2 protein chains.
Amino acid sequence: MPPRTQHRRTSISDVARHAGVSVGTVSNVLNRPDRVSPGTRKRVEAAIAELSFVRNGSARQLRAGRITTVGAIVLDISNPFFTDVTRGIEERLTADDYTLMVASSDRDPEREARYLRLFEEHGVRGVMVVPTADSIEHLLAVRERGIGVVLLDHPSPVESVSSVAVDDVNGGAMATRHLLDQGHTRLAFLNGAHSIRQCADRLEGVRLALAEAGRDPDEALVEVTVSLDADGGEAGIRALLDAPDRPTAVFCVNDLVALGALRTLRRAGLSVPDDVALVGYDDVTFAAELATPLTSVRQPRHELGTRAADLMLRGGDAPAEHVVFQPELVVRESSTSAPA
Amino acid sequence: MPPRTQHRRTSISDVARHAGVSVGTVSNVLNRPDRVSPGTRKRVEAAIAELSFVRNGSARQLRAGRITTVGAIVLDISNPFFTDVTRGIEERLTADDYTLMVASSDRDPEREARYLRLFEEHGVRGVMVVPTADSIEHLLAVRERGIGVVLLDHPSPVESVSSVAVDDVNGGAMATRHLLDQGHTRLAFLNGAHSIRQCADRLEGVRLALAEAGRDPDEALVEVTVSLDADGGEAGIRALLDAPDRPTAVFCVNDLVALGALRTLRRAGLSVPDDVALVGYDDVTFAAELATPLTSVRQPRHELGTRAADLMLRGGDAPAEHVVFQPELVVRESSTSAPA
DNA sequence: GTGAAAGCGCTAACAC
DNA sequence: GTGTTAGCGCTTTCAC
């Protein structure tokens with residue numbers, strides 16, 4: 001049976017009494033030690049230690065409005081992309097002694113709204129959000145109430161809200177140009193639903209690069225809509241294998257999809273890259289570690305986070321900024337042979 | 001220039017004034033709506049909407065002591081294992097309308113202590129901690145102050161502190177027995193530092209299984225100490241390849257290490273599993289998706305989290321519990337041919 | 001350098 | 001059913 005003594009938490013006045021000083025003095029020791037004479041300070045510090053006093057953050061925040069907490073809402077915390085972004089945020093915040101509360105919306109606008117309210121109740125100084133929907137009305141409302149808002153991995157639709165994003169159009173274009181450079185003419189794109197901004201943008205980039213090369217996107221490209229995981233990649237490749245005019249190159253909207261695609265191609269007896277070239281997106285940890293290392297579009301995940309936190313920590317009166325990072329194509333074996 | 005109006009947050013008394021009622025009534029609408037007549041309730045709700053009022057959580061908590069926040073400190077939030085554990089925790093907490101604050105200690109006892117204090121200041125009801133060190137003195141101190149403590153992925157060294165863990169000794173033994181069953185006689189174990197409890201335990205399991213089979217662990221086993229990532233696996237295999245008596249089976253302390261091992265074996269022209277059988281640990285998402293699907297020891301990550309949250313949410317006077325889950329061996333191609 | 005006291009926004013106990 | 005009010009623990013003037 002644990003001795004979980006449920007007595008009242010020891011408060012600043014307990015410490016004051018124990019040290020024979022006033023609560024104001026204890027508060028000074030805690031917040032402006034230089035204002036207190038060394039003697040009393042020692043005494044108060046001893047009392048704090050003896051009673052193992054821990055400040056009540058709620059009271060502190062209620063009184064002082066001193067807010068050192070920031071919230072972040074990402075689409076899916078188990079996605080390595082967002083994990084790395086989060087770490088970037090945390091690293092930057094820690095440097096300024098801020099704390100981060102993270103939540104995952106799981107692409108559900110209701111969950112996003114729920115966490116948003118929760119963070120607001122907890123008096124966060126600001127929130128960094130990967131929006132689930134294109135509308136950011138609700139975020140503007142939050143901002144009206146004096147809470148900082150930074151859009152994560154999403155370009156801002158309005159001038160007044162800061163944002164940090166990666167150029168997905170260019171990412172799609174880079175991947176496509178690379179495949180065209182390798183001599184491929186029939187391309188497939190395993191993509192997610194166009195309602196997901198990243199997917200729509202990457203498609204736009206693909207079409208752009210095709211047009212650039214003088215190809216008609218409607219002819220040179222087969223787009224297959226799949227779920228954003230390995231099963232999606234498997235289904236996508238199955239659909240392509242059955243088609244009469246098999247593409248020689250497949251671009252996948254993320255690395256998990258590419259993983260499923262790779263597996264399925266191999267099982268079908270096709271060689272990557274000799275029969276089919278493959279390019280993924282995100283450059284997750286294991287992309288380089290696969291039996292056939294995967295060419296992938298790398299995004300500056302960590303920097304995305306640190307930069308977002310940067311924008312968050314600037315004063316509320318600083319003008320909004322819209323940062324757009326450029327992705328980088330990491331070429332590996334999965335795309336570097338000439339097509340058969 | 002954002003209109004970040006820094007005026008005072010609208011409070012419950014603003015709402016009361018706007019609706020022409022008292023603060024008590026507004027509070028009642030918020031907390032016990034049934035106590036309020038439908039007419040006034042409507043009016044108050046309208047005022048809340050119009051002023052877009054959001055409750056001040058600090059004041060609420062300060063007054064009511066109503067604590068619905070729980071903290072979790074894991075070793076490394078970017079490790080898929082801990083991500084899944086965290087999701088399990090969150091899921092369970094959400095069901096009871098609790099909120100989770102997550103932090104990553106990065107195996108640094110100082111960071112652990114820092115977050116522990118922070119959580120305590122924020123008045124969390126309890127903390128779930130994967131301890132960085134074997135000592136849990138500091139956690140006992142926290143518990144003394146009325147805060148619940150549950151050890152995560154770590155068996156409790158004391159009866160009075162609840163814990164949730166997975167049997168790593170058995171996990172190591174299962175993997176080893178499987179390899180022995182396949183006819184292997186010369187085994188290697190790519191392991192981490194023994195100061196990490198999981199590593200020490202898994203080694204114990206390996207030796208146990210060898211002894212069980214009548215083998216002398218010191219003879220039948222080569223242990224190589226590596227870093228807990230893919231580079232570690234690569235280095236480990238390199239060391240083994242140079243050895244005179246190459247093992248025919250390699251057990252890796254986690255799947256990332258196994259990934260590096262797999263890659264390096266292939267590059268050396270060795271077939272997995274025909275030349276060398278391979279077993280990993282954790283059964284991460286991509287284990288099944290590799291060109292040679294990886295046999296791995298699966299841990300009930302999600303359940304580990306939900307169970308820990310369960311223990312956390314029980315009343316403070318419930319007796320401590322020590323839950324130990326059993327891992328499960330997931331057999332795939334990387335270990336299922338007879339040795340060459 | 002130190003103490004006294006006001007009050008942050010809220011909930012709950014108690015009047016009416 | 002609704003209003004009034006006392007604090008929760010803290011920071012911060014403002015006296016002394």
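Because the structure is predicted, anything quoted here is derived from the model rather than measured.
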Atom pair distance, as rounded to whole Å: CG in A/Asp34 and C1' in C/dT2
15 Å
SB check B/Glu91 B/Arg87 (cutoff 4.0 Å):
no
Any Lys/Arg nitrogen of B/Asp108 or B/Arg114 sitting under 4.0 Å from an Asp/Glu carboxylate oxygen of the other?
no
Which nucleotides of nucleotides 4-10 of chain D have their base under 4.0 Å from a protein heavy atom (B), which only their sugar-phosphate (S), and which neither (-), written as one string 5' to 3'?
BBBBBBB
Can you find a side-chain donor-acceptor pair between B/Thr83 and B/Thr86 that sits under 3.5 Å?
no
In whole Å, what is the span from the CG atom of A/Asn28 to the P atom of C/dG3?
10 Å
In whole angstrom, give the distance that lies between atom CZ of B/Arg35 and atom P of C/dC16.
19 Å
Rounding to an integer number of Å, can you tell me how far A/Gln61 CD sits from C/dG7 C1'?
16 Å
Option from A/His302, A/Arg92, A/Glu321 for which side-chain contact (heavy atoms from CB on, under 4.5 Å) with A/Arg307 holds
A/Glu321
Taking CZ from A/Arg32 and P from D/dT13, how many angstroms apart are they, rounded to a whole number?
7 Å
Look at B/Arg17 together with B/Asp14 and state whether they make a salt bridge at an N to O cut-off of under 4.0 Å.
yes
Any luck finding a side-chain donor-acceptor pair between A/Ser160 and A/Arg143 under 3.5 Å?
yes
Please report, rounded to the nearest Å, how far the P atom of C/dC10 is from the CD atom of A/Glu121.
10 Å
